[in-house]
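Input: a single structure, listed below in structure tokens.
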Amino acid sequence: MSRKACVIGAGPNGLAAAIVLAKAGMQVDVLEAESTPGGAARTLELTLPGFQHDFGSAVYPLGAGSPFFSSLPLVNHGLEWIHSPAAVAHPLDDGTAVMLERDLGETRDSLGSDGPAWDKLMRPFVERWTEFAPEILRPVPFIPRHPWLTALFGKVALQPARIVAHRFRNERTRALFAGLAAHSFLSLDEPLSAAFAILLAVPAHAVGWPIPRGGAQSITNALCGFLATLGSNVTTSSPVHSLAALANYDLLLCDLTPRQLVKVAGQRLSDSYKRRLGRYRYGAGAFKVDYALSAPIPWKAPGCLRAATVHLGGSLEEIAASEKAVRIGQHADRPFVLLAQPSLFDSSRAPAGKHTAWAYCHVPNASRVNMLEKLEGQIERFAPGFRDCILARRVFSPADLESMDANLVGGDIAGGTMDIRQFLFRPTWRHYATSARDIYICSASTPPGGGVHGMCGYHAANMALSRWRGR
Ligand SMILES: Cc1cc2nc3c(=O)[nH]c(=O)nc-3n(C[C@H](O)[C@H](O)[C@H](O)COP(=O)(O)OP(=O)(O)OC[C@H]3O[C@@H](n4cnc5c(N)ncnc54)[C@H](O)[C@@H]3O)c2cc1C
């Protein structure tokens, strides 16, 4: 029997899957549609010469906290995490910022009377991150390995973020929690939205919320570098249009979302499985802007200069209104904006004295509305004079994002909605397996979902290997 596997797509999950297969002794070919590997973990000169921008992901609490990435010698392949002094800054209209400090104790102290409640919510998971991370970054287990920890998480995580935020008395703390929960692309009144706040705050305290020196591409290059030591390489500019052309492989691992899987594997999949994939729902899109700047962003709140990530949306009520609008297909007047300012902490991103910034807001899937004015309005609100620093900008509508990475369907950066149904059955009850016994899906459309952590690829490849060996 030949021992050959092909991975379609060199995003972080495709590369993770390839590494697991190659480590198990398989000969692995990775085929990538774009001219550079990485998918939504690429760094490109998107504005002016010398300005390096992250096309997709920019900040990595789950990348640094990934049990799989942590098991690989990525440091030997150039990956260096840089930690800004604080994890996240959340500026408010009074000219101050509420801070998510890396240290849980410092955050507790800075949150005043809400400090003990924050500590009580986060500490059990922070202290047991090495047990907690593998437990939550996989399909929901029938029998948890750490039942008490999982039950404790489930009790809070299944609730809407707005309800959990009311454990805090101060508007400032509620705003901080809302900004974290808004990464979910869910309405903050929906079950499970609280999970995202915890899943971001906990690794921020446990392992940090770092950026990689040189940008997202350094993560990809490190994964590719390690893969090369296992004898496998990525072939770029090689879009796969049909799996029929890959008949001589034992295993096919697809770093694709359900819609694409049906396109390339259509004839190989059963009708009932295809119907189930057809019911898979994509989430809201992103409207993204990359900036080349002449100076650091002139924040009103000095604390914002201590964090690589800044959440712009004001109060819990405002953020909730913004996310609710998007969830019902509307565009927020004052959108919640996620902003990264990596060049403050990594001088390799821009020419000396110059800076980069990365910002996006949520919009309905495949929206064509130009949100530039509103997005920059939110930055100006907390950093008057921001527009005077802009040397160049590059705007990405949802369609622009999808044109550079086919997995970003309608601008959905998470590989599909993460509501309760798609949290449990992602993309179907089979998870990574499909109706064809040699074809597996390993993208962010499988558990545990979006983010650069490689855990979808890791679990998919392990399932594929164990079933293949069992045959
Ligand atoms: C704007 C934006 C901001 C984000 N911010 C963050 C962040 O700060 N932190 C974080 O952790 N995550 C973030 N994410 C999410 C994260 O980047 C994704 O969840 C992650 O990249 C998913 O990895 P993946 O391997 O499943 O898919 P992708 O990274 O999308 O990779 C899929 C790959 O498959 C290739 N492909 C598709 N079709 C074919 C085909 N037919 N043939 C061959 N190749 C094909 C694509 O070209 C691509 O390279 C962000 C994403 C975006 C877009």
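Small disclaimer: the values here were computed from a predicted structure and weren't measured. Counting convention: from 1, in listed order, for ligands and their atoms alike.
Counting protein heavy atoms only, atom 31 (O) of ligand 1 is closest to G11 CA, 3.2 Å. For atom 1 (C) of ligand 1, the nearest non-hydrogen atom of the protein is K288 CD, 3.6 Å. Annotation: atom 38 (N) of ligand 1 to nearest protein heavy atom, L256 CD2, 3.2 Å. In terms of protein heavy atoms, atom 16 (C) of ligand 1 is closest to V452 CG2, 3.8 Å. Summary of contacts: the protein heavy atom closest to atom 49 (O) of ligand 1 is E32 OE1, 2.6 Å. The shortest contact between atom 9 (N) of ligand 1 and any protein heavy atom is with V59 O, 2.7 Å. Nearest non-hydrogen protein atom to atom 45 (C) of ligand 1 is A33 CB, 3.7 Å. Considering only non-hydrogen protein atoms, atom 21 (O) of ligand 1 sits nearest to A40 CB, 3.4 Å.
Listed here is the closest heavy atom pair of R279 and R421: O-NH2, 3.3 Å. Contact detail for A194 and V156: the closest heavy-atom pair is CB-O, 3.7 Å.
Of all atoms in ligand 1, numbered sequentially from 1 with element shown, those under 4.0 Å from a heavy atom of Q260 are 37 (C), 38 (N). Near G39, with a cut-off below 4.0 Å to any heavy atom, the atoms of ligand 1 are 29 (O), 31 (O), 48 (C), 49 (O). Shown in contact with G450 at under 4.0 Å from a heavy atom are these atoms of ligand 1, numbered in order with element: 19 (O). Listed by number with element, the atoms of ligand 1 under 4.0 angstrom from any heavy atom of L408 are 53 (C).
Formation of a donor-acceptor pair under 3.5 Å by the S435 side chain with backbone atoms of S270 is found in this model.
Within 6.0 Å of NZ on K324 lie no more than 12 heavy atoms contributed by other residues, nucleotides or ligands.
Partners of N221 under the side chain to side chain donor-acceptor pair (under 3.5 Å) rule, at least two apart in sequence or in another chain, are Q217. F382 pairs by the ring pair (Phe, Tyr, Trp, His ring centres under 6.0 Å) definition with nothing, not counting sequence neighbours.
In this model, no donor atom of one side chain and acceptor atom of the other lie less than 3.5 Å apart for D419 and T417.
In terms of N/O distances under 3.5 Å, ligand 1 is approached by D255.
Taking the charged nitrogens against the carboxylate oxygens, D400 and R394 have no contact shorter than 4.0 Å, which rules out a salt bridge.
Cation-pi geometry between R393 and Y291 is not met: the NZ or CZ atom fails to fall both under 6.0 Å from the ring centre and inside 45° of the normal.
Among G451, A216, S66, the residue whose heavy atom lies closest to atom 12 (N) of ligand 1 is G451.
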